[in-house]
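First the structure, in the form of structure tokens, and then the observations on it.
Owing to the predicted nature of the structure, the values given are computational and were not obtained by experimental measurement. The chains referred to below are lettered A, B, ... by the order of the sequence lines, with proteins before strands, and numbering in each begins at 1. Values below: all heavy atoms of this structure, side chains included; hydrogens, waters and symmetry mates excluded.
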Amino acid sequence: MTGNEIRRKFLDYFEKHNHQIVRSSSLVPSDDPTLLFVNAGMVQFKRAFLGEEKRGYVRATTSQKCVRAGGKHNDLENVGYTARHHTFFEMLGNFSFGDYFKEKAIDFGWDLLINGYRLPEDKLWVSIYLDDDEAHELWHTNIGVPENRILRFGEEDNFWAMGDTGPCGPCSEIHIDRGEEFGCGKPDCKVGCDCDRFLEIWNLVFMQFDRDVSGKLPPLPKPSIDTGLGLERLISLIQNVPTNYDIDLILPVMNKGEDLSEKLIGESWEADVAMKVIADHSRAAAFLIGDGILPSNEGRGYVLRRIMRRAIRYGRNIGLTRPFLHETARVVFDIMKPEYPDLLEASAFITNIIKNEEMRFSETLDHGLKILNDGLADLKAKGQTRVPGDLIFKLYDTFGFPVDIVQDVVRDEDLLLDMEGFDKSMEEQRERSKSIATFTTISDAYKNLSARGIMPEFVGYDKFSCESKVLVLVENGQETQEAAGGQAVEVVAEATPFYGEAGGQVGDTGKISGDDLDMEVSDTIKDPTGLIIHKGKIISGQIEKGETVTLTVDKSQRDATECNHTATHILHFALRSILGDHVKQAGSLVAPDRLRFDFTHFSQTDPETLDRIETLVNQKIRENISVRIIEMDAEEAFKTDATALFEEKYGDRVRIVSMNDFSKELCGGTHTDVTGNIGFFKITGELSVASGVRRIEALTGAAAVEYIQKDSKIIHDSARLLKESPEAVPGRIKKILSVQKSLEKEVEQLKARIAMRSADWAEEDIKSINDIKVLAKKVTVDKPAELRDMADRFKEKIKSGIVALGSSADSKALLIVVVTKDLTDRFHAGKIVKEVASVVGGSGGGRPDMAQAGGTKPENLDQALEKVYEVVGTIR
RNA sequence: GGGGAUGUAGCUCAGUUGGGAGAGCGCGGCGUUCGCAACGCCGAGGUCGAGGGUUCGAAUCCCUUCAUCUCCA
């Protein structure tokens with residue numbers, strides 16, 4: 001059985017038993033800011049377990065993409081050294097939301113393993129929680145597992161909790177004994193041992209308590225089931241291979257590593273480690289980038305970068321010094337395409353990102369090596385043999401230069417590394433970084449509402465006004481019964497035509513009115529559970545909970561927003577058709593007055609291409625295509641080719657917005673009826689927001705026309721000033737600039753010539769002081785640089801001696817003293833100029849042969865120059 | 001979110017208590033050569049990331065800001 005078949009069989013089995021097959025969610029958790037990556041199958045069902053969300057089914061099954069790297073569950077450093085650690089893996093699971101419980105969960109699990117996958121019954125062991133006699137009874141009596149193969153473990157191993165409070169319960173694990181040849185040989189080797197003999201296959205969690213803050217465990221009204229079975233591990237058992245890395249979903253990636261490096265698996269321990277690292281990290285990188293994560297300096301992007309760089313580092317150990325990771329990642333697309341076709345679709349983009357990162361990293365390595373070698377040369381010059389920890393840390397911290405590469409370099413040099421110093425610096429850095437995480441808290445009033453399953457109805461797709469009852473009233477974050485004029489309040493109603501900010505589209509504005517109420521709504525937001533909250537101010541009268549009010553959306557604002565939203569979809573299509581299929585939406589803003597579209601693309605788009613995109617969008621607008629909107633089941637929709645956003649969370653029912661056959665997107669936003677309503681589309685900017693992500697800003701309709709008019713006015717005004725036609729403006733400006741530059745140069749030369757004339761050679765100005773020729777003279781210049789040039793000429797003429805020049809410029813005094821080389825051991829220009837400068841109220845300094853000074857009293861310049869002779873006279 | 005580093009010619013970089021903006025490569029011209037490579041000579045190319053401040057004077061010191069790199073959370 002192939003890996004893909006094994007996965008399919010699992011899902012089919014549970015589908016047959018009335019489970020809804022649910023698509024793996026994105027690796028990016030949609031509504032959990034505390035979690036870096038989805039790391040278990042239950043993550044996307046968290047709210048369903050908590051009872052905060054109702055789904056259209058009570059049984060579900062998934063094969064969930066998971067990443068464990070960074071954060072609490074971090075397996076990164078283990079990968080490569082063990083048979084079963086991964087940063088990326090798939091977790092199979094079946095879930096019951098208050099439907100079946102322990103008995104069925106155990107029946108299903110055992111049945112599938114024995115009769116489905118044909119695992120040997122006599123090799124299976126089970127573990128249960130200490131006092132879970134119910135589970136013991138089920139395993140022993142119902143299933144027939146002998147007593148001696150049922151083990152009881154404590155809270156550490158067999159009790160599961162979502163957090164410090166909330167749903168939790170005992171769990172039961174199914175293990176397999178692979179035989180002594182896989183064991184560590186220790187006499188106490190048994191289930192739970194770290195070695196490879198006893199493998200945990202499947203963890204069944206029986207969620208039956210709801211732990212409160214005091215630690216008490218009241219039972220949940222409707223107990224639930226959450227199970228997790230590592231796909232790679234299961235495949236390794238069925239395909240009967242020694243490690244997870246030998247299964248058909250991973251081995252081909254390792255083989256690619258063999259081809260590229262010309263090393264063989266099994267050749268050496270180091271090579272095997274490197275191949276495993278490369279194989280695992282190729283998978284992780286491919287899927288993470290596929291889910292919209294890009295390498296960066298923080299958060300998820302940083303973890304991705306670390307994963308890729310770790311792979312590149314290990315690649316060097318087997319002689320892979322040129323970019324290779326994008327090649328091994330390509331193998332991943334091929335293997336995984338049956339279950340993840342979208343990965344293959346994005347392959348051009350993903351390989352591009354990986355290759356880019358490989359090149360960048362080799363740059364940091366080159367740079368780091370240079371600095372390291374400088375540091376080592378310095379060390380050797382001092383005769384030291386111990387590389388200080390702060391140097392290693394600085395290389396790592398500031399330049400991102402990996403420590404193990406420092407070790408590689410140093411190994412050949414017979415030097416020691418101060419790793420203690422390094423660890424200390426690292427610890428200090430950790431202390432420094434500790435900061436308070438900020439979480440946005442939702443008012444408790446709203447929490448209760450969603451927990452009770454109450455959800456406001458959005459009627460704004462076809463209505464702009466409706467009557468409804470006020471469900472919740474919030475003032476200053478606190479729930480209240482009534483509020484009066486002048487107050488800022490938040491209102492949730494049973495039904496509303498107001499669109500709450502979501503999917504980039506901003507919230508509606510408008511009015512809420514009643515018998516004695518006039519409230520202005522300035523914004524509408526949608527909280528993660530789907531509550532539509534109106535924010536605004538009561539102009540007059542009062543509002544109370546339970547009252548029936550009329551909610552009216554500002555239609556002109558909404559119309560403008562709808563045009564921009566539809567334009568965004570057309571732009572998305574245009575980008576994909578002109579730039580390529582790798583373009584994916586990475587965020588957007590749709591407001592009444594403008595739109596912004598972020599998308600994945602690796603380079604800047606040149607103005608000509610931007611024009612082509614703009615032209616295509618406008619063409620679609622003029623075709624006056626009607627915008628079709630259909631609602632359907634989410635699972636059904638995913639099977640169509642509609643464009644879905646990875647980061648976006650969709651409910652059970654979704655809307656598909658399409659225009660002819662060119663654009664088809666899952667979208668909950670509001671749209672205009674026909675594209676012609678947009679009128680006109682104008683791109684106003686293109687810029688970078690992050691590496692690999694570009695942004696286009698644009699305007700539509702009246703705003704776009706206004707923008708063009710303004711631009712046009714600027715050009716015509718400029719043309720009028722230049723007395724040229726608009727077409728000739730750029731050429732003319734270019735010409736003017738070059739003329740100006742040459743004129744400036746000419747002026748400079750002329751000034752220098754005039755200055756020279758004002759400072760003609762004057763033998764009588766030279767005084768001989770103690771047989772040293774000294775010239776102190778007032779000249780006319782306006783820049784220190786000119787003064788310097790002039791002094792140099794005098795110096796050449798005087799051959800041996802001291803020249804001092806002074807000038808006033810900008811109501812300031814400028815002074816310079818130069819001493820010919822033969823006299824610099826007796827006279828220091830800097831010292832002379834300093835003394836002289838005090839006369840003009842300033843100070844100065846410089847080198848022995850040349851020094852400059854300045855002062856604020858130019859009227860004393862003559863005195864200052866006179867003083868030069870005096871100062872020289874005092875030096876012997 | 002908290003640190004560190006970098007930003008100077010087309011490219012890679014130097015610039016030592018604040019006091020003439022430099023090198024190498026590349027580019028252009030001339031010379032040597034049948035021609036190329038190589039070499040020699042000459043030359044062009046800079047808002048020293050941007051904006052403030054301190055100072056007689058800032059690439060250099062201080063503040064702000066932007067961009068890039070990097071570590072930690």
Side-chain angles (χ1 to χ4, degrees), chain A residues 33-34 36 70-72 74 295-303 305-306 309 356-357 359-368 370-371 374 390-403 422-423 425-439 604 687-691 737-738 740-742 744-745 782-793 795 805-819 828-858 860-861 864:
Chain A
T34 63
L36 212 50
K72 258 176 252 170
N74 189 355
S296 85
N297 309 337
E298 50 187 34
R300 302 184 174 106
Y302 178 53
V303 176
R305 169 164 284 168
R306 272 173 61 180
R309 294 194 166 187
N356 200 311
E357 182 64 23
M359 312 226 277
R360 273 170 178 234
F361 188 48
S362 81
E363 265 171 40
T364 50
L365 286 181
D366 290 345
H367 190 220
K370 209 170 139 192
I371 292 165
D374 284 354
D390 54 354
L391 174 68
I392 309 168
F393 183 73
K394 195 187 161 196
L395 274 164
Y396 176 67
D397 180 52
T398 305
F399 303 104
F401 195 75
V403 179
F422 175 83
D423 292 339
S425 299
M426 194 71 178
E427 201 40 54
E428 283 165 10
Q429 146 109 321
R430 286 214 176 90
E431 283 303 316
R432 253 201 316 275
S433 298
K434 274 183 188 161
S435 58
I436 316 129
T438 47
F439 293 111
Q604 196 175 3
L687 61 147
S688 153
V689 268
S691 79
L737 285 175
S738 87
Q740 192 195 339
K741 198 164 187 183
S742 66
E744 273 171 4
K745 225 168 208 174
D782 50 17
K783 272 193 202 153
E786 291 170 30
L787 198 61
R788 241 163 15 220
D789 288 342
M790 207 179 285
D792 278 345
R793 298 210 188 191
K795 193 171 85 173
L805 298 179
S807 176
S808 59
D810 276 345
S811 75
K812 275 177 186 167
L814 296 176
L815 282 168
I816 188 165
V817 173
V818 291
V819 175
H828 192 287
K831 285 177 185 158
I832 297 169
V833 87
K834 201 164 251 171
E835 279 195 51
V836 177
S838 62
V839 179
V840 287
S843 178
R847 307 189 310 249
D849 64 319
M850 196 287 295
Q852 288 166 276
T856 47
K857 298 176 197 157
N860 293 347
L861 199 57

Exercise. Classify the nucleic acid contact of A:A853 as base, sugar-phosphate or nothing, counting any heavy atom under 4.0 Å across all strands shown.
Key: base
Quiz item: Considering only side-chain heavy atoms of A:R306, which listed nucleotide, B:A73, B:A5, B:G19, is closest?
Solution: B:A73
Quiz item: Counting side-chain heavy atoms from C-beta on, which of B:C71, B:G20, B:C69 comes nearest to A:M426?
Solution: B:C71
Practice problem: Look at all strands and tell whether A:G400 reaches a base, only sugar-phosphate, or nothing, counting heavy atoms closer than 4.0 Å. | Solution: sugar-phosphate
Quiz item: Looking only at side-chain N and O atoms, does A:R788 come under 4.0 Å of OP1 or OP2 in B:G20?
Solution: yes
Exercise. May I have the distance from A:E357 (atom CD) to B:C69 (atom P), rounded to whole angstrom?
Key: 9 Å
Quiz item: Taking atom P of B:G3 as reference, at what distance in whole Å does atom CZ of A:R430 sit?
Solution: 18 Å
Quiz item: Can you name the nearest heavy-atom pair linking A:G844 to A:A853, along with the distance?
Solution: CA-CB, 3.6 Å
Quiz item: Rounded to whole angstroms, how far apart are CG on A:D789 and P on B:G19?
Solution: 18 Å
Self-check item: Whole angstrom value for the distance that separates P of B:C56 from CD1 of A:I816
Solution: 18 Å
Quiz item: Which pair of heavy atoms, one from A:A829 and one from A:V817, lies closest together, and at what distance?
Solution: CB-O, 3.6 Å
Quiz item: For atom P, what is the distance between B:A23 and B:A9, given to the nearest Å?
Solution: 13 Å
Self-check item: Options B:G3, B:C71, B:A5, nucleotide nearest the side-chain atoms of A:F399
Solution: B:A5
Quiz prompt | Neighbours of RNA chain B within residues 829-845 of chain A, by heavy-atom distance under 4.0 Å | solution = A:S843, A:G844, A:G845
Quiz item: Roughly, in whole Å, what's the span from CZ in A:R793 to C1' in B:G20?
Solution: 15 Å
Exercise. Apply side chain to side chain contact (heavy atoms under 4.5 Å, CB included) to A:K795 and list each qualifying residue two or more places apart in sequence or on a separate chain.
Key: A:D792, A:V818, A:T820
Self-check item: Sequence-distant partners of A:K857, side chain to side chain contact (heavy atoms under 4.5 Å, CB included), two or more places apart
Solution: A:E859, A:N860
Quiz prompt | Whichever of A:G855 and A:L395 has its nearest RNA chain B nucleotide further upstream toward 5' | solution = A:G855
Quiz item: Expressed as a whole number of Å, how far does the C1' atom of B:A67 sit from that of B:U8?
Solution: 16 Å
Validation: residues 396-403 of chain A side-chain donor-acceptor distances under 3.5 Å, sequence neighbours left out:
from, atom 1, to, atom 2, distance (Å)
A:D397, OD1, A:Q429, NE2, 3.3
A:T398, OG1, A:K394, O, 3.4

Quiz item: For the residue pair A:L395 and A:G368, what are the closest heavy atoms and their distance?
Solution: CD2-O, 3.7 Å
Quiz prompt | Distance between C1' atoms of B:A44 and B:G10 (Å, rounded) | solution = 12 Å
Quiz item: Choosing from B:C71, B:C69, B:C56, which nucleotide comes nearest the side chain of A:Y396?
Solution: B:C71
Self-check item: Atom pair distance, as rounded to whole Å: CE in A:M850 and C1' in B:G20
Solution: 5 Å
Quiz prompt | Rounded distance in Å between the C1' positions of B:G20 and B:A58 | solution = 14 Å
Quiz prompt | Length of the line joining A:E431:CD and B:G4:P, which is rounded to integer Å | solution = 16 Å
Under 3.5 Å, sequence neighbours excluded: what are the donor-acceptor pairs made by side chains of residues 833-843 of chain A?
from, atom 1, to, atom 2, distance (Å)
A:S838, OG, A:E835, O, 2.6

Practice problem: If B:G40 has a Watson-Crick or G-U wobble mate with both distances under 3.5 Å, name it; if not, just say none. | Solution: B:C30
Quiz item: What is the base-pairing partner of B:G1, counting Watson-Crick and G-U wobble geometry with both distances under 3.5 Å?
Solution: B:C72
Quiz prompt | Least distance between heavy atoms, A:L814 atom then A:L861 atom | solution = O-CD1, 4.3 Å
Quiz item: Just how far, in rounded Å, is C1' of B:C69 from CG of A:D397?
Solution: 12 Å
Quiz item: Are A:E427 and A:R430 ion-paired here, with the side-chain N under 4.0 Å from a carboxylate O?
Solution: yes
Self-check item: Any A:K812 side-chain nitrogen or oxygen under 4.0 Å from OP1 or OP2 of B:G57
Solution: yes
Exercise. Identify which nucleotide among B:C71, B:C56, B:G4 has an atom closest to any side-chain atom of A:Q429, counting heavy atoms from C-beta outward.
Key: B:C71
List, with names and distances, any nitrogen or oxygen atoms from the protein found under 3.5 Å away from nitrogen or oxygen atoms belonging to nucleotides 8-16 of chain B.
none

Exercise. State the pairing partner of B:U60; accept Watson-Crick or G-U wobble contacts with both distances under 3.5 Å, and report none otherwise.
Key: none
Quiz item: Counting only side-chain N and O atoms of A:R305, is one of them less than 4.0 Å from OP1 or OP2 of B:U70?
Solution: yes
Quiz prompt | B:G7 to B:U60 separation - P atoms, rounded to the nearest Å | solution = 12 Å
Quiz prompt | Nearest-0.5 Å distance, CD of residue A:Q852 to CZ of residue A:R788 | solution = 5.0 Å
Quiz item: With both distances kept under 3.5 Å, what pairs with B:G7, Watson-Crick or G-U wobble?
Solution: B:C66
Quiz item: How far apart are the C-alpha atoms of A:V819 and A:H828, what are their side-chain angles, what is the distance that settles it, and do they pass the side-chain contact (heavy atoms from CB on, under 4.5 Å) test?
Solution: CA-CA 7 Å; A:V819 175; A:H828 192 287; over 6 Å; no
Quiz prompt | Nucleotide forming a Watson-Crick or wobble pair with B:A23, both distances under 3.5 Å | solution = B:U12
Quiz item: Roughly how far apart are A:S807 OG and A:E786 CD, rounded to 0.5 Å?
Solution: 8.5 Å
Self-check item: B:G43 and B:U47, which share atom name C1', separated by this distance in whole Å
Solution: 23 Å
Self-check item: Nucleotide opposite B:G45 in a Watson-Crick or G-U pair, distances under 3.5 Å
Solution: none
Quiz item: Can you tell me how far C1' in B:U12 sits from the matching atom in B:C66, rounded to whole Å?
Solution: 24 Å
Exercise. Could you measure between the two P atoms, the one in B:G24 and the one in B:C39, and give it in whole Å?
Key: 12 Å
